[in-house]
Amino acid sequence: MVRLCKDYIRPFVGEDELNNIAPMVSAAFNLLHERSGPGADYLGWIDLPVNFDRDELERIKSTAGKIRSMCDVFVIIGIGGSYLGSRAVIEFIKSEMYNRLGDSPEIYFAGNNISPVAMANILRLCRGRRVCINVISKSGTTTEPAIAFRVFRELLEETWGEEGARERIFVTTDRNEGNLRKFAEQKGYTTFTIPADIGGRYSVLSPVGLLPIAVAGLDIDELIAGAAQARLAFSDPDPAKNDSLCYAALRNILYRKGRVTEILVVYEQYMQMLCEWYKQLFGESEGKDGKGIYPSSVIYTTDLHSLGQYIQDGMRNQFETVLWVKEPDVDLAIPDDPGNIDGLGFLSGRSLAYVNQMAMKGTLLAHVDGGVPNLVIEIDKRDERSLGGLIYFFELACGVSGYLLGVNPFDQPGVEKYKKNMFALLGKPGFESRKKELEGRIR
């Protein structure tokens, strides 16, 4: 279960403030569940853990087994929500170094940038090996994944021929519309559906995330079960009885006090991509209309030696949310050194997990004393069920928080401008006048 600890927020937020915002939080929660607020067409994620397509889920598991048996390298092609969620889950459960730990197939992510260096490196890893790909896009026309799909489709067709490539290309796209859907049907590729009522950053528990996660050998039934458990646990509209809503309330109270940056704090490298998923979820949902809490992240204790000084003594416009796994699944004892050359003899025989926990508590207290509000979100274990619950916890809090800010948390109008500028500068037909105007501004 996911729990919110408020002990370290009390010097900064009073109970009366929570009581005062509670009716607004409950109203925002009801807007979500009644599908009556902005972005109501994209609320399929609310009931997804109990309303998923069971036939498609079984097909995902069957296909994942096939992919695991027929390839050495599995390349996921997608950008934003089409890859961040699955990568976050895989690294959280397995390791950020899962590709080096011998659990075939290796999984790489392409189409999330336009870097020739990154593309060339993945291609080098694929040469001479059995490769399958999963391209994820509603339309098939998003620049980054579309380019990557061309590149890897060419690789597969050169290696296996068009017939052989057909067996190695898997497409996750819109059920009925879009260029990619038409192309996949024309070519005869195996396809899975991106639900029409779920936006990309909320799609990790849909086929978008489930196929890659299953290919990694993880238990997607447990992941969904954890989300279903959280859906039930966080179903009360009263933030005093609902930790997800309480989290949304507290971050908005802090925002109104000038705490405009939230730093998600983790103490394990395997959580790095979960931080990236969190940043997209909240950044793309809240950052609009001149509003929004800026989502940032750090990995302690590493970043205490780079950003710790700023957080301790810098501008007081931030707050921290510490994400902590209660039961470590791996631990090591610190060896004894009879010479005690490092002065750490008092730690001989101590558990490394214990030392990490004391570092967390010591840092938390230091930052609170330095004037930085801290929230703590705790989950029991590093497993699929706990992570499924955490994903739902954040998704619900994000939707409610967006409504509290007075924005539509389910659209992203601002991301289109750079695309139009890029298309114009690249000479896409129909953008000629914009190209001239932009070229006149470039120095």
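As the structure is a prediction and not an experimental result, all values here were calculated from the model.
Looking at Ser297, its side chain never comes within 3.5 Å of a backbone N or O of Ile263 through a donor-acceptor pair. The backbone N or O of Gly200 lies less than 3.5 Å from a partner atom in the side chain of Ser203, making a donor-acceptor pair. The closest donor-acceptor contact from the side chain of Lys291 to the backbone of Leu405 lies under 3.5 Å. Looking at Asn374, its side chain does come within 3.5 Å of a backbone N or O of Val372 through a donor-acceptor pair. Here the side chain of Ser285 pairs a donor or acceptor atom with the backbone of Pro409 at under 3.5 angstrom. For Asn242 (side chain) and Asp236 (main-chain N/O), a donor-acceptor pair under 3.5 Å exists by modelled atom type. Between the Tyr278 side chain and the Phe394 main chain, no donor and acceptor come within less than 3.5 Å of each other. Checking side-chain atoms of Thr172 against main-chain N and O of Phe192 turns up no donor-acceptor pair under 3.5 Å. Side-chain N or O atoms of Arg201 include none that pairs as donor or acceptor with a backbone N or O of Gly80 at under 3.5 Å. A donor-acceptor distance shorter than 3.5 angstrom exists from the side chain of Thr173 to the backbone of Ser137, with no hydrogens or angles considered.
Closest non-hydrogen pair, Pro328 versus Ala353, comes out as CG-CB, 3.8 Å. The shortest non-hydrogen separation linking Ile9 to Pro373 is CD1-CB, 3.5 Å. Closest approach of Cys398 and Leu281 over heavy atoms only: SG-O, 3.4 Å. Heavy atoms only, all atoms of each residue included: Arg316 and Tyr310 are closest at NH2-O, 3.5 Å. The shortest heavy-atom contact between Met70 and Cys132 is CG-SG, 3.8 Å. Here the closest non-hydrogen pair linking Ser386 and Lys381 is CB-O, 3.2 Å.
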Does Phe319 form a side-chain contact (heavy atoms from CB on, under 4.5 Å) with Phe12? I'd like the steps, not just the answer. CA-CA 10 Å; Phe319 65 97; Phe12 308 95; over 6 Å; no
Go through the steps for Asp411 and Lys288 under the test side-chain contact (heavy atoms from CB on, under 4.5 Å), then give the verdict. CA-CA 9 Å; Asp411 67 357; Lys288 54 201 72 166; 2.9 Å; yes
Under the side-chain contact (heavy atoms from CB on, under 4.5 Å) criterion, do Tyr270 and Ser95 qualify, and how do the steps go? CA-CA 5 Å; Tyr270 65 75; Ser95 166; 5.5 Å; no
Ile198 and Leu205: CA distance, side-chain angles, deciding distance, side-chain contact (heavy atoms from CB on, under 4.5 Å) verdict = CA-CA 10 Å; Ile198 298 178; Leu205 299 176; over 6 Å; no
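Relative ring orientation between Tyr300 and Tyr267 is described as perpendicular, the plane-to-plane angle rising above 60° on a 0-90° scale split at 30° and 60°. Using bins of under 30°, 30° to 60° and over 60° for the plane-to-plane angle, the ring pair Tyr83/Phe109 lands in the tilted bin.
Here the side chains of Leu84 and Lys279 are not in contact, with every heavy-atom distance at 4.5 Å or above. Taking 4.5 Å as the limit, every side-chain heavy atom of Phe29 sits out of range of all side-chain heavy atoms of Tyr403. Between Glu268 and Val325, every side-chain heavy-atom pair lies at or beyond the 4.5 Å cut-off. Taking 4.5 Å as the limit, some side-chain heavy atom of Leu156 sits within range of a side-chain heavy atom of Ile133. Using a 4.5 Å cut-off on side-chain heavy atoms (C-beta onward), Arg59 and Thr190 make contact. Between Phe183 and Val171 there is no side-chain heavy-atom pair separated by less than 4.5 Å. Using a 4.5 Å cut-off on side-chain heavy atoms (C-beta onward), Ile169 and Phe149 make contact. Residues Cys71 and Val131 fail the side-chain proximity criterion, which asks for heavy atoms closer than 4.5 Å.
Between the CD atom of Glu222 and the CD1 atom of Ile93 there is a distance of 10.5 Å, given to the nearest 0.5 Å. Summarising the geometry, atom OG belonging to Ser86 is positioned 12.0 Å from atom CD1 belonging to Ile220; distances are rounded to the nearest 0.5 Å. In this structure, the separation between CD1 on Ile379 and CG on Leu387 is 6.5 Å, given to the nearest 0.5 Å. Atom-to-atom distance recorded for Arg150:CZ and Ile77:CD1 is 13.0 Å, nearest 0.5 angstrom. Taken to the nearest 0.5 Å, the CD1 atom of Ile79 stands 8.5 Å off from the OG1 atom of Thr143. To the nearest 0.5 Å, atom CG of residue Leu364 and atom CG of residue Asp7 are 9.5 Å apart.
With a 6.0 Å radius and a threshold of 12 heavy atoms from other residues, nucleotides or ligands, Lys187 has its NZ atom above the threshold. Within a 6.0 Å sphere centred on CZ of Arg129, heavy atoms belonging to other residues, nucleotides or ligands number more than 12. Heavy atoms of other residues, nucleotides or ligands lying less than 6.0 angstrom from OH of Tyr42 number 12 at most.
A salt bridge is defined here as a Lys NZ or Arg NE, NH1 or NH2 lying under 4.0 Å from an Asp or Glu carboxylate O, and Arg231 with Asp47 meets this definition. Salt bridge Asp221/Lys61: present, at least one basic N to carboxylate O contact under 4.0 Å. The pair Lys326-Asp380 does not count as a salt bridge, with every side-chain nitrogen at least 4.0 angstrom from each carboxylate oxygen. Comment: Lys257 engages Glu17 in a salt bridge, judged by a side-chain N to carboxylate O separation of less than 4.0 angstrom. Ion pairing between a basic and an acidic side chain is recognised when a charged N comes within 4.0 Å of a carboxylate O; Arg181 and Glu177 show no such pairing.
The cationic atom of Arg168 (NZ for Lys, CZ for Arg) does not lie both less than 6.0 Å from the six-membered ring centre of Phe170 and within 45° of the ring axis.
Aromatic pair Phe393/Tyr247: centroids less than 6.0 angstrom apart.
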